[in-house]
Protein chains: 2
Amino acid sequence: MPELTPRKIKAKQTRKKILEAALSLFSEKSFDETTVDEIVKLSGTSKGAFYTHFKSKYEIFLEKFKEIDAFYLEFTHTLPKEASASEKLLHFSESQMVFLRDSWGKGLFRTLYTNASPSHNYFLDKDRVLFKIVKEFVHEGQEAGEFKRELSDEEITAIITRCMRGTLYDWCMSGDEFDLLMEIQKVMRALLEGLKK
Amino acid sequence: MPELTPRKIKAKQTRKKILEAALSLFSEKSFDETTVDEIVKLSGTSKGAFYTHFKSKYEIFLEKFKEIDAFYLEFTHTLPKEASASEKLLHFSESQMVFLRDSWGKGLFRTLYTNASPSHNYFLDKDRVLFKIVKEFVHEGQEAGEFKRELSDEEITAIITRCMRGTLYDWCMSGDEFDLLMEIQKVMRALLEGLKK
DNA sequence: TAAAACTACAGACTGCAGTCTGAGACTGTA
DNA sequence: TACAGTCTCAGACTGCAGTCTGTAGTTTTA
């Protein structure tokens, strides 16, 4: 079905070259500091090529961000089966924050937030792995009679991920005094408490 | 003490002309659609004048946003004294969201979020009226034995405003299907429940 | 297999926020 | 009252994301 004509193969290679050059520059400097012209130069292509393959500079950036989901997924396997749903959720959010703080950093999140748009919003994508993971825990908690049923698992998930997002926002816009781990604990504990029966 | 020499008076007038022209254009079109050149032209000044009085186009935008706090303040006077702290907080957040939705709209918030930076962040300013209002209610609730005391009033306030912010974020980045009022109710109910003794 | 239609790409160009230079007017000092 | 220093402002300039136009080569059609 993909119909790989020689031309399309070459196009894919071009796309890949651009992507790799961009990611390399993003990590070497930062998103804001690397220009599209540099990406184009390093990849030996052109602006025309760049914009046929990507809608914007930000779109490339998002590409990298998808890697985060891999971590999430892997992490869930390490959680003890016997823990309660709210313990799992608390644990998960803590590990998530530590991971994001140490492996990604504020700068990336600032970029993520300040370049987001309704049509291009990584956070709000309901198909995200994060969303699915949280939803599963919530569902589990409801089945076990731990959480309320007035709200659907989907609604509760929306609430939880939203408050995580708010915390992440405050963190990446704050100075060093903001302790991401402590703050997520406070928020999650209050929230989970309120969601229990 | 202000030492109003003729020169400073004229400078203030220039500043005012720029501000008024900008706000007029922002409401006529939108933030993104109005250019600094237009503002400068309409106000009969120059770029040089613009950037001596304002650090950026966004800074002018924020100027307008401060009006919101006036609404907040006024609203608190309309709340029944006898209501519980959590009722007041719930009520307040609901009215706030209705107000923001109907009088301000998504567009402005999108601008607010996507142009924010650590040094220039309206939301995170702890001196904001919003912060003070919420803190007062929280404090009241703690005094009345309604809320936990494990967290300080300041900490609880941070949590609450953060989750409001997260909800606002989701709203302004979402399509029409997002019901801001319903969503804030869900979030606030869960949160307030979890903060009670 | 010739012509028509399309695709991936090159790079010049546009639009806009923000910077820089310089000048004229004002202010404070002696 | 002269003159050195300092503001306010004008507008030319820079830097960069994204657009537009043209084209060579490829694919499709007849």
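Here is how names work: the chains are called A, B, and so on, in the same order as the sequence lines, proteins then strands, and each is numbered from 1.
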Quickly work out the [X] [atom1] to [N] [atom2] distance and round it to whole Å.
X: Tyr51(A); N: dG11(C); atom1: OH; atom2: P; answer: 16 Å
X: Phe50(A); N: dC16(D); atom1: CZ; atom2: P; answer: 14 Å
X: Lys10(B); N: dT27(C); atom1: NZ; atom2: P; answer: 12 Å
X: Phe31(B); N: dC16(C); atom1: CZ; atom2: P; answer: 13 Å
X: His53(A); N: dA10(C); atom1: NE2; atom2: C1'; answer: 13 Å
X: Ile9(B); N: dC26(C); atom1: CD1; atom2: P; answer: 12 Å

Handout entry: Of the listed nucleotides dC9(C), dA17(D), dG18(C), the one nearest the side chain of Lys47(A)
Key = dA17(D)
Handout entry: Stems where DNA chain D pairs, listed by first number, each of three or more Watson-Crick or G-U pairs under 3.5 Å
Key = C:1-30 with D:1-30
Practice task
List the steps, then state whether side-chain hydrogen bond (donor to acceptor under 3.5 Å, both in side chains) holds for Glu146(B) with Ser86(B).
Solution key: CA-CA 8 Å; Glu146(B) 190 182 344; Ser86(B) 59; 2.7 Å; yes
Under 3.5 Å, side chain of [X] to main-chain N/O of [Y], donor-acceptor pair present?
X: Glu155(A); Y: Ser152(A); answer: yes
X: Thr14(B); Y: Lys10(B); answer: yes
X: Arg110(B); Y: Cys172(B); answer: yes

Handout entry: Contact list for DNA chain D against residues 34-46 of chain A - heavy-atom distance below 4.0 Å
Key =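 Listed by number, they are Thr34(A), Thr35(A), Val36(A).
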Practice task
Just say parallel, tilted or perpendicular for the rings of Trp104(A) and Phe99(A), cut-offs at 30° and 60°.
Solution key: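 Because their plane-to-plane angle is over 60°, the rings of Trp104(A) and Phe99(A) count as perpendicular.
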Practice task
Evaluate the ring planes of His91(B) and Phe75(B), with Trp represented by its six-membered ring, and classify them as parallel (under 30°), tilted (30 to 60°) or perpendicular (over 60°).
Solution key: parallel
Handout entry: Spatial distance of atom CG (Leu192(B)) from atom CD1 (Ile160(B)) [nearest 0.5 Å]
Key =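 Spacing of CG (Leu192(B)) from CD1 (Ile160(B)) equals 5.5 Å.
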For nucleotides 3-7 of chain C, give me every protein contact, N/O to N/O, under 3.5 Å, one pair per line with atom names.
unit_1: dT7(C); atom_1: O4'; unit_2: Arg7(A); atom_2: NH1; d: 3.0
unit_1: dT7(C); atom_1: O4'; unit_2: Arg7(A); atom_2: NH2; d: 3.4
unit_1: dT7(C); atom_1: O2; unit_2: Arg7(A); atom_2: NH2; d: 2.3

Quiz: residues 137-144 of chain A side-chain donor-acceptor pairs under 3.5 angstrom, not counting sequence neighbours:
unit_1: His139(A); atom_1: ND1; unit_2: Asp153(A); atom_2: OD2; d: 3.1
unit_1: Glu140(A); atom_1: OE2; unit_2: Lys88(A); atom_2: NZ; d: 2.7
unit_1: Gln142(A); atom_1: NE2; unit_2: Lys148(A); atom_2: O; d: 2.9
unit_1: Gln142(A); atom_1: NE2; unit_2: Leu151(A); atom_2: O; d: 2.9
unit_1: Glu143(A); atom_1: OE2; unit_2: Arg149(A); atom_2: NH2; d: 3.2

Practice task
Give a yes or no on whether Met182(A) and Val98(A) share a hydrophobic cluster (residues Ile, Leu, Val, Met, Phe, Trp, Tyr; joining criterion: side-chain heavy atoms under 4.5 Å apart).
Solution key: no
Apply side-chain hydrogen bond (donor to acceptor under 3.5 Å, both in side chains) to [X] and list each qualifying residue two or more places apart in sequence or on a separate chain.
X: Ser30(A); value: Glu33(A)
X: Lys17(B); value: none
X: Lys106(B); value: none

Practice task
Inspect the surroundings of NZ in Lys29(B) and state if more than 12 heavy atoms from other residues, nucleotides or ligands are less than 6.0 Å away.
Solution key: yes
Practice task
Using a cut-off of 6.0 Å, state whether more than 12 heavy atoms not belonging to Glu67(A) lie near its atom CD.
Solution key: yes
Among [range], which ones have heavy-atom contacts with DNA chain C below 4.0 Å?
range: residues 55-66 of chain B; result: Ser56(B), Lys57(B)
range: residues 105-122 of chain B; result: none
range: residues 11-23 of chain A; result: Ala11(A), Thr14(A)

Problem - Tyr169(A) ring center within less than 6.0 Å of Tyr113(B) ring center - result: yes
All N/O donor-acceptor pairs, side-chain side in residues 48-60 of chain B, below 3.5 Å, sequence neighbours left out:
unit_1: Thr52(B); atom_1: OG1; unit_2: Gly48(B); atom_2: O; d: 3.3
unit_1: Thr52(B); atom_1: OG1; unit_2: Ala49(B); atom_2: O; d: 2.8
unit_1: Lys55(B); atom_1: NZ; unit_2: Glu59(B); atom_2: OE1; d: 3.4
unit_1: Ser56(B); atom_1: OG; unit_2: Tyr58(B); atom_2: N; d: 3.3
unit_1: Ser56(B); atom_1: OG; unit_2: Glu59(B); atom_2: N; d: 3.2
unit_1: Lys57(B); atom_1: NZ; unit_2: Phe31(B); atom_2: O; d: 3.1
unit_1: Lys57(B); atom_1: NZ; unit_2: Thr34(B); atom_2: O; d: 2.9
unit_1: Tyr58(B); atom_1: OH; unit_2: Leu112(B); atom_2: O; d: 2.9
unit_1: Glu59(B); atom_1: OE2; unit_2: Lys55(B); atom_2: N; d: 3.4

Practice task
Verify the contact: side-chain N or O of Thr5(A) to OP1 or OP2 of dT27(D), cut-off strictly under 4.0 Å; return yes or no.
Solution key: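 Answer is yes, contact under 4.0 Å.
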Handout entry: From CA spacing to verdict: side-chain contact (heavy atoms from CB on, under 4.5 Å), Phe147(B), Lys196(B)
Key = CA-CA 4 Å; Phe147(B) 290 142; Lys196(B) 283 184 186 159; 4.2 Å; yes
Exercise for the section: Return each pair, listed once, that meets side-chain hydrogen bond (donor to acceptor under 3.5 Å, both in side chains) where at least one residue sits in residues 92-102 of chain B; pairs must be two or more places apart or across chains. Expected result: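 Found Tyr72(B)-Gln96(B), Glu94(B)-Gln185(B).
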